[in-house]
Amino acid sequence: RVRGSCPRATLHLARGQDPRTRAFLVQALKRSGDDDAALRARWATALGTYADQYLQARQWTSAVRTYQKALQVRPGNAAILVNLGVAEAYSGDDRGAVGTLRRAIVVDSQVPLAWLNLGFSLENLGDVTGAEHAYRKATAMNTEPLAYFDLGNLLLRRGDARSAIDEYERAVMLQPTLTQAWVYLVQ
């Protein structure tokens with residue numbers, strides 16, 4: 001008998017594609033007696049931790065696959081969708097990242113990291129207008145210094161140095177240790 005969310009998450013990760021394993025996990029979930037929402041939250045968190053480790057190890061495909069499994073446990077979870085979008089972008093799938101990040105924004109439009117990463121992937125795809133819009137949505141929440149920094153980079157590449165400087169100044173006000181923004185400001 002498998003008890004707790006971590007062993008279930010590990011089994012899901014290792015053999016979740018096997019139909020018998022999936023059936024076992026569904027039955028274990030039904031029999032657990034735990035609060036379903038709490039169990040699913042712990043299970044998805046365990047899978048997210050594994051996925052984060054894959055990201056740190058630059059194992060993009062494994063990270064994507066593991067975040068997808070976390071979504072099986074908690075479908076439509078904005079935080080998991082954002083992390084999946086980031087992993088897709090790192091894996092070189094900016095088109096997939098855009099779709100996933102847009103899904104995250106539909107679930108919760110007040111997540112600045114979703115907007116920031118959407119801007120990054122849109123810019124990689126050549127959609128500068130869409131990227132600027134996404135960066136501005138992130139900066140409107142006034143919490144994410146990298147949104148200001150990335151918006152500044154976009155504006156600088158476009159030749160609007162004055163506006164870029166304004167964005168770099170906002171970035172370092174929120175995060176004084178953002179060294180690269182300081183470099184651009186003193187140039």
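The two residues Val107 and Ala78 come nearest to each other via the heavy atoms CG1-CB, 3.8 Å. Annotation for Pro112 and Ala138: closest pair O-CB, 3.7 Å, computed over non-hydrogen atoms. The nearest pair of heavy atoms linking Pro145 to Leu174 is CB-CB, 3.9 Å. Annotation for Ala131 and Gly119: closest pair CB-O, 3.3 Å, computed over non-hydrogen atoms. The two residues Ala63 and Ala87 have their closest heavy-atom pair at CB-CB, 4.2 Å. Nearest heavy-atom pair, Asp93 versus Gly96, reported as atom, atom and distance to 0.1 Å: OD1-N, 2.8 Å.
Thr66 places no side-chain N or O within donor-acceptor distance of the main-chain N or O of Val64, the cut-off being under 3.5 Å. Panel note: side chain Ser109, backbone Ile105; no donor-acceptor pair is recorded below 3.5 Å. The main-chain N or O of Pro176 is found under 3.5 Å from a side-chain atom of Trp182 such that the two form a donor-acceptor pair.
Transitive grouping of hydrophobic side chains (ILVMFWY, heavy atoms separated by less than 4.5 Å) brings Tyr184 and Val172 into a common cluster. Linking Ile, Leu, Val, Met, Phe, Trp and Tyr residues whenever their side-chain heavy atoms come within less than 4.5 Å leaves Tyr54 and Trp60 in two separate clusters. Tracing side-chain contacts under 4.5 Å through hydrophobic residues (I, L, V, M, F, W, Y), one reaches Leu151 starting from Leu185; they form part of the same cluster. When hydrophobic clusters are built by joining Ile, Leu, Val, Met, Phe, Trp and Tyr residues whose side-chain heavy atoms come closer than 4.5 Å, directly or via intermediates, Phe149 is not grouped with Met173.
Atom CG of Leu113 is separated from atom CD of Glu144 by 4.5 Å, given to the nearest 0.5 angstrom. The OH atom of Tyr168 sits 8.0 Å away from atom CD of Gln180, with the distance rounded to the nearest 0.5 Å. One distance of note links CD of Gln72 with CG of Leu47; it measures 8.5 Å at 0.5 Å rounding. The distance from atom OH of Tyr67 to atom CG of Leu81, rounded to the nearest 0.5 Å, is 12.0 Å. Rounded to the nearest 0.5 Å, atoms NZ (Lys69) and CG (Leu71) are 13.0 Å apart. To the nearest 0.5 Å, the span separating CG on Leu84 from OG1 on Thr100 amounts to 4.5 Å.
The shortest distance between side-chain heavy atoms of Ile80 and Asn83 does not fall below 4.5 Å. Looking at Arg158 and Glu132, their side chains come closer than 4.5 Å, going by heavy atoms from C-beta outward. Residues Val98 and Arg102 form a side-chain contact, since some pair of their non-hydrogen atoms from C-beta on lies under 4.5 Å apart.
Arg95 and Glu88 are not joined by a salt bridge, as no carboxylate oxygen comes within less than 4.0 angstrom of a charged side-chain nitrogen.
Judged by distance alone, the side chains of Tyr148 and Asp166 never bring a donor and an acceptor atom under 3.5 Å apart.
Here the rule is side chain to side chain contact (heavy atoms under 4.5 Å, CB included) with Arg157, and of Leu155, Asp160, Asn153 only Asn153 fits it. Of the candidates Leu154, Leu146, Leu122, Leu154 is the only one forming a side chain to side chain contact (heavy atoms under 4.5 Å, CB included) with Tyr135.
Environment of CZ in Phe120: sparse, with no more than 12 heavy atoms of neighbouring residues, nucleotides or ligands closer than 6.0 Å. Shown here is Arg58, whose CZ atom has no more than 12 heavy atoms of other residues, nucleotides or ligands within 6.0 Å.
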Run the numbers on Glu167 and Arg136 for side-chain contact (heavy atoms from CB on, under 4.5 Å), then give the verdict. CA-CA 10 Å; Glu167 299 306 328; Arg136 290 197 185 280; 4.0 Å; yes
